[in-house]
> 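Questions regarding the structure given below will be posed in turn.
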Amino acid sequence: MPRITLPDGSVKEFESAVTARQVAESIGSRLAQAAVGCLVDGELSDLSVVLDRDCTLSIVTEKTREGEADANALYLLRHSTAHVMAEAIQRVVPGALLVYGPPLDTGFYYDIAFPEDRPLKEGDFEAIEAEMTKIVREDRPFTRYEMEYGAGIAKLNKEGNKFKIDNAHRAHEAGSLTLSWYATGEPGKDWEDLCRGPHLPSTGRIGAFKVMSLASSYWHGDENSDRLTRVYGTAFYSKKDLDAYLTRIEEAKKRDHRVLGKKLHLFHIDETVGQGLILWTQRGSIVRKELQKFIAAELEKQGYSEVFTPHIGKLDLYRTSGHFPYYADSQFPPLVDRDHMQQLSDEGCTCAQLSNNLKVGEIEGFMLKPMNCPHHIKIFGSRQYSYRDLPVRLAEFGTVYRWEQSGELNGMTRVRGFTQDDAHLFCTPEQVGQEVLGCLSLVKIIFDVLGMKDYRVRVGLRDPDSAKYTGDPANWDKAEAACREAAKSLGVPFSEEPGEAAFYGPKIDFVVKDVIGREWQLGTVQVDYNLPERFDLGYIGPDNQRHRPVMIHRAPFGSMERFCGVLIEHFAGAFPLWLSPEQIRVLPISEKSNDYAREVVGKLTAAGLRATLDDSDNRVQGKIKAGAEMKIPYLLVVGPRDAENRAVSVRAFGEEKDLGQMPLEDFVAAAGEEYRTKGKVTVRDRMPAGV
RNA sequence: GCCGCUGUAGCUCAGUGGUAGAGCGCACCCUUGGUAAGGGUGAGGUCGCGGGUUCAAAUCCCGCCAGCGGCUCCA
């Protein structure tokens, strides 16, 4: 006699076991028709699930009561569409072995091992989609059946798909006593897949779908294991929703910093210079310089000292720090000492010998610095400090070079040479908490001024199973506790993630998403007890004894390259006045107003504003269009009427109509104010009343 | 690094074996125009690089380089 509690609190009692579908029918035929699945005691299940005990039940339909897409309904849809796609793929490419096909936030994928002589190509998508359409039209039910584990394994062994056998083993290890299959139709007759479920009632519920892309993946995410082909797709309940999703992707692409970087002439990557090496153009450099000025001013307020260090350092430095040879794979190869190089070349040294001799230290050379800390450590170590001098805070816009895998490089967000807004703080153990907090608040100031609200905070801890971390576990525990405490006091949600620590210490990262949803780490604060140890740093304490300082590494932007890339997308290229490479463009109505326009530009420039003149022989409409394309904050239209009043007609970016006329002197003052206050006060605030 | 896709003018792209195209931009000329493109003329390309097949290659094949999507990695 199962008693079933519905979401409204009402209870339905049944004589014997019922399926969720039957319960839905007992509530109403419309609900039963709309139902795609259910939640039993909160767990997403098939509509065919048998309810033989008391439980709570919520019927899942395509839309929530508020009329929005239901996340659970989308999950079912996409999981089911993955099955349909897999069946279609096996029709198109016989011999393709299924591995694993889960739903995602925006779709689904299926990892598949294709025969070596028949890889899947994008050209196959059309055929796959055609087969999928057929399967959907056939409206075949997703039919679940279970087998006891032993019998199930026997079945799988007979079928011989090692990937599915492995999935079954894993399910068993996770405590599953049975294995379940889903047949798309009738078990034993139609296509089926080992799967935990749940699924839609039938393929006919799939409204609209698309096979999106191909990628390679590794079995179990292990690069030494089998290489699989990952086929991505997406599905929605309606064609309209699918189209809206595809349009959204297209729109997002227009905000992509790589697209805008070209269009707005912000940066350039030249394959002759090298992959992952950013050339900051005139315009992009202005954005970067403004950001650097901004942070330098904050650093001055917070008691930092600026330092400058070179781009290279001797290998021994990095042997001490632990960068070399341990991280040699992710560094540019060493620059071998000239004399050594000559000698080796005379002796006919092989590459392997060279490499080995570099590792063991028989050959000296230099390295492009992968991090700034060793140089800063040497500055700290160059004189004696008393505890009264601490914290010592050394800041530098330091350029570092890392050998990122070619497949990883991405516009400005993942590059091989980049400049960190770096600093290293040397403090007493007692000062750690307060210094970390100071660093975090700096990151927050920056994010606030730029209006970046959409970020998450990650506390990166060490992975207890990995050997890549250096240093004493007791120190790690202290550092991790300090980070956790600091993150707590920040007052924003954060996640603790084992395995995300730096090799020398735990860290607190600020992570944002780009336009296509990829996450990038920007600001970071890292506590480090290890490098001071490795470099035997010390300060004299109140007890007249030598003590070990603690180091904090921090970079509120992370890197200028990545930050600017993300910032371009954040503003969709329409920078606020203070950051904009071209703040104001003056558009004379005709040649007759060029002289006055030049005078206007002169006044703006004299006031420290970045102003230009458009004296092309376009009409003013054309000049406005051109200015809008470049996303210039203010366009000043000037004609005889303005010249007569010594005024300008102001048009702000993004406004349909112009803001009206304003005395030239007032505009210069107002724009200057907007620049200095970073937009707290704008020209619009200073427009004459009535506009 | 792995799999797939892409690479043609400064930019965006068309061009399925027969001597390379469009729009925007650029230069010049006409136009002197008051709020999201007035008109004309012209310059500009060893079709990513190197091999091969062919009478003939932007086009077909092989290798490399670079970009894109994902995987893996990210001190």
Side-chain angles (χ1 to χ4, degrees), chain A residues 104 109 111-112 114 119-125 212-232 249 253 256 258-259 262-263 265 268-272 274-276 318 321-324 326-331 369-371 373-374 400 402-411 414 460 468-470 500-505 507 516 518 520-521 524 526 528 530-531 553 587-594 616-629 635-642 649-651 653-661:
Chain A
L104 304 168
Y109 67 78
D111 275 348
I112 298 175
F114 285 93
L120 196 70
K121 308 261 183 187
E122 269 181 27
D124 296 317
F125 287 5
M212 302 291 288
S213 63
L214 284 178
S216 97
S217 62
Y218 301 109
W219 194 26
H220 299 160
D222 174 2
E223 63 182 319
N224 299 312
S225 187
D226 298 52
R227 279 160 174 78
L228 307 171
T229 301
R230 179 165 295 181
V231 191
Y232 282 87
I249 293 177
K253 278 185 188 157
D256 190 310
R258 293 163 296 189
V259 173
K262 247 181 214 166
K263 186 176 156 193
H265 311 304
H268 174 64
I269 300 172
D270 193 289
E271 63 176 280
T272 313
Q275 330 171 243
Y318 300 103
S321 70
H323 289 99
F324 189 84
Y326 195 67
Y327 283 100
D329 285 350
S330 48
Q331 290 158 184
K369 63 181 179 186
M371 294 186 92
C373 32
V400 298
R402 300 180 186 178
W403 186 264
E404 304 288 359
Q405 296 190 99
S406 63
E408 272 310 331
L409 298 169
N410 189 276
R414 190 83 185 259
K468 74 171 183 176
Y469 307 99
T470 70
E500 292 294 325
F503 81 94
Y504 48 72
K507 53 183 189 164
I516 45 182
R518 289 181 294 210
W520 301 101
Q521 173 201 312
T524 181
Q526 314 178 352
D528 180 3
N530 292 314
L531 289 180
H553 309 239
L587 319 180
I589 290 288
S590 78
E591 238 170 58
K592 289 175 186 162
S593 302
N594 278 0
S616 65
D617 55 6
N618 278 329
R619 291 169 57 176
V620 71
Q621 289 88 336
K623 294 181 184 182
I624 287 169
K625 170 89 176 169
E629 294 264 300
L635 301 176
L636 301 183
V637 174
V638 297
R641 295 208 294 262
D642 304 284
S649 296
V650 184
R651 181 179 247 283
F653 179 78
E655 304 274 346
E656 291 268 321
K657 267 185 68 70
D658 68 306
L659 298 180
Q661 211 185 44

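Model, not experiment: these values are computed from the prediction. Every chain is numbered from 1, with letters handed out A, B, ... down the list of sequences.
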> Between A:Arg518 and A:Arg258, what is the shortest heavy-atom contact and its length?
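Closest pair (atom of A:Arg518, atom of A:Arg258, distance): NH2-NH2, 3.5 Å.
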> Kindly write out the residues that satisfy ring pair (Phe, Tyr, Trp, His ring centres under 6.0 Å) with A:Trp520, not counting sequence neighbours, or none if the list is empty.
none
> Please identify each residue that fulfils ring pair (Phe, Tyr, Trp, His ring centres under 6.0 Å) with A:Tyr218, with sequence neighbours left out.
none
> Please tabulate, one pair per line, each protein N/O and nucleotide N/O from nucleotides 12-15 of chain B that are separated by under 3.5 Å, including the distance.
residue: B:U12; atom: OP1; partner: A:Lys262; partner atom: NZ; Å: 3.4

> Closest approach of A:Leu531 and A:Cys373, non-hydrogen atoms and distance?
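Shortest heavy-atom separation between A:Leu531 and A:Cys373 comes out as CD1-SG, 4.0 Å.
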> Under 4.0 angstrom, heavy atoms only, what part of the nucleic acid is A:Glu122 near: base, sugar-phosphate, or nothing?
sugar-phosphate
> Indicate whether OP1 or OP2 belonging to B:G69 is found under 4.0 Å from a side-chain N or O atom of A:Arg518.
yes
> Tell me the interatomic distance from A:Asn224, atom CG, to B:G1, atom P, rounded to whole angstroms.
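It works out to 16 Å between those atoms.
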> A:Ile112 has an atom CD1; how far is it from atom P of B:G70, in whole Å?
19 Å
> Using only heavy-atom distances, decide whether a donor-acceptor pair under 3.5 angstrom links the side-chain of A:Ser590 to the base of B:G34.
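Donor-acceptor pair under 3.5 Å: no.
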> Using a cut-off of 4.0 Å on non-hydrogen atoms, how would the nucleic acid contact of A:Gly221 be classed: base, sugar-phosphate, or nothing?
sugar-phosphate
> With respect to the phosphate group of B:C3, does any side-chain polar atom (N or O) of A:Lys121 fall under 4.0 Å of OP1 or OP2?
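The answer is no; no side-chain N or O of A:Lys121 sits under 4.0 Å from OP1 or OP2.
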> Can you check the A:Lys592 NZ to B:G34 P distance for me, whole Å?
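One finds 10 Å between P of B:G34 and NZ of A:Lys592, rounded.
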> Sub-3.5 Å donor-acceptor pair from the side chain of A:Asn530 to the main-chain atoms of A:Thr470, do we have one?
yes
> Not counting sequence neighbours, which residues clear ring pair (Phe, Tyr, Trp, His ring centres under 6.0 Å) with A:Phe114? List them please.
none
> Any idea which of B:G34, B:C2, B:G4 is nearest the A:Val620 side chain?
B:G34
> Measure all distances between protein nitrogen or oxygen atoms and nitrogen or oxygen atoms of nucleotides 23-30 of chain B, and list the pairs falling under 3.5 Å.
residue: B:C30; atom: N4; partner: A:Asp617; partner atom: OD2; Å: 3.2

> Output the rounded distance in Å from CD (A:Glu404) to P (B:G1).
13 Å
> With sequence neighbours excluded, tell me which residues meet salt bridge (Lys or Arg N to Asp or Glu O under 4.0 Å) with A:Asp226.
A:Lys162
> Over all strands shown, is A:Gly411 touching base, sugar-phosphate only, or nothing at heavy-atom distances under 4.0 angstrom?
sugar-phosphate
> For B:C2, take OP1 and OP2 only and decide whether either is under 4.0 Å from a side-chain N or O of A:Gln405.
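A:Gln405 to B:C2 OP1/OP2: no side-chain N or O under 4.0 Å.
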> Any donor-acceptor pair under 3.5 Å joining the side chain of A:Arg414 to the base of B:C74?
yes
> Looking only at the side chain of A:Tyr232 (C-beta and beyond, no hydrogens), which of the listed nucleotides B:U35, B:G70, B:G34 gets closest?
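My answer, after comparing the listed nucleotides, is B:G70.
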> Picking from B:C71, B:A36, B:G67, which would you name as closest to the side chain of A:Ser217?
B:C71
> So what stems show up for RNA chain B if we need 3 or more Watson-Crick or G-U pairs in a row, all under 3.5 Å?
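Stems found: B:1-7 with B:65-71, B:10-13 with B:21-24, B:26-30 with B:38-42, B:48-52 with B:60-64.
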> Counting just side-chain N and O atoms, does A:Ser406 come under 4.0 Å of either OP1 or OP2 of B:G1?
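The answer is yes; a side-chain N or O of A:Ser406 sits under 4.0 Å from OP1 or OP2.
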> Identify, with sequence neighbours excluded, every residue that meets salt bridge (Lys or Arg N to Asp or Glu O under 4.0 Å) alongside A:Arg227.
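Once residues adjacent in sequence are excluded, A:Arg227 has no partner under the salt bridge (Lys or Arg N to Asp or Glu O under 4.0 Å) criterion.
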> Give A:Arg651 one of three labels, base, sugar-phosphate or nothing, depending on what nucleic acid heavy atoms sit under 4.0 Å from its own.
base
> Quantified in whole Å, what is the P atom distance between nucleotide B:C49 and nucleotide B:U8?
10 Å
> Would you say a side-chain N or O of A:Lys623 is under 4.0 Å from OP1 or OP2 of B:A37?
no
> Across the strands shown, which category fits A:Val637 at heavy-atom distances under 4.0 angstrom: base, sugar-phosphate, nothing?
base
> NZ of A:Lys625 versus C1' of B:A36: gap in Å, rounded?
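One finds 6 Å between C1' of B:A36 and NZ of A:Lys625, rounded.
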> Please name all residues satisfying ring pair (Phe, Tyr, Trp, His ring centres under 6.0 Å) with A:Tyr327, sequence neighbours left out, ordered by chain then number.
A:Phe503
> From CG of A:Leu120 over to P of B:C3, roughly how many Å is that when rounded to an integer?
14 Å
> Just the atom pairs and distances: protein N or O near nucleotides 41-43 of chain B's N or O, under 3.5 Å.
none

> Think A:Arg258 has a side-chain N or O under 4.0 angstrom from the OP1 or OP2 of B:C68?
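For A:Arg258, the contact criterion (side-chain N or O under 4.0 Å from OP1 or OP2 of B:C68) is met.
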> Between B:G34, B:G69, B:G1, which nucleotide gets closest to the side-chain atoms of A:Ser213?
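When the side chain of A:Ser213 is considered, B:G69 is the closest of B:G34, B:G69, B:G1.
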> Which one, B:G4, B:G70, B:A37, comes nearest to the side chain of A:Pro119?
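Selected nucleotide: B:G4.
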> For a quick test of reading the model: is some side-chain N or O of A:Asn530 closer than 4.0 Å to OP1 or OP2 of B:A75?
no
> Report the residue (A:Ile589 or A:Leu228) whose heavy-atom-nearest nucleotide on RNA chain B is the more 5′ of the two.
A:Leu228
> Not counting sequence neighbours, which residues clear salt bridge (Lys or Arg N to Asp or Glu O under 4.0 Å) with A:Lys507? List them please.
A:Asp509
> From C-beta outward on A:Arg619, which listed nucleotide comes closest to its side chain: B:G38, B:A75, B:G34?
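Nucleotide nearest to A:Arg619's side chain: B:G38.
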> State, to 0.1 Å, how close A:Ala502 and A:Gln526 come at their nearest heavy-atom pair, and which atoms those are.
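Scanning both residues, the minimum pair turns out to be CB-OE1, 3.8 Å.
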> Whole angstroms only, please: what is the CD-P distance between A:Glu271 and B:G7?
14 Å
> Could one point to a donor on the side chain of A:Ser649 or the base of B:U35 with an acceptor on the other under 3.5 Å away?
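Answer yes: a donor N or O sits under 3.5 Å from an acceptor.
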> Can you name the residues that form a salt bridge (Lys or Arg N to Asp or Glu O under 4.0 Å) with A:Lys625, not counting sequence neighbours?
A:Glu629
> Does A:Gln621 put a side-chain nitrogen or oxygen below 4.0 Å from OP1 or OP2 of B:A37?
no
> May I have the distance from A:Leu409 (atom CG) to B:C74 (atom C1'), rounded to whole angstrom?
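So the two atoms are 11 Å apart, to the nearest Å.
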> Between A:Glu223 and A:Asn410, which has a closest nucleotide on RNA chain B that is more 5'?
A:Asn410
> By centroid distance (under 5.5 Å) and plane angle (under 30°), are A:Phe503 and B:A75 in a stacked arrangement?
no
> Is a donor-acceptor contact shorter than 3.5 angstrom present between the side chain of A:Arg402 and the base of B:C73?
no
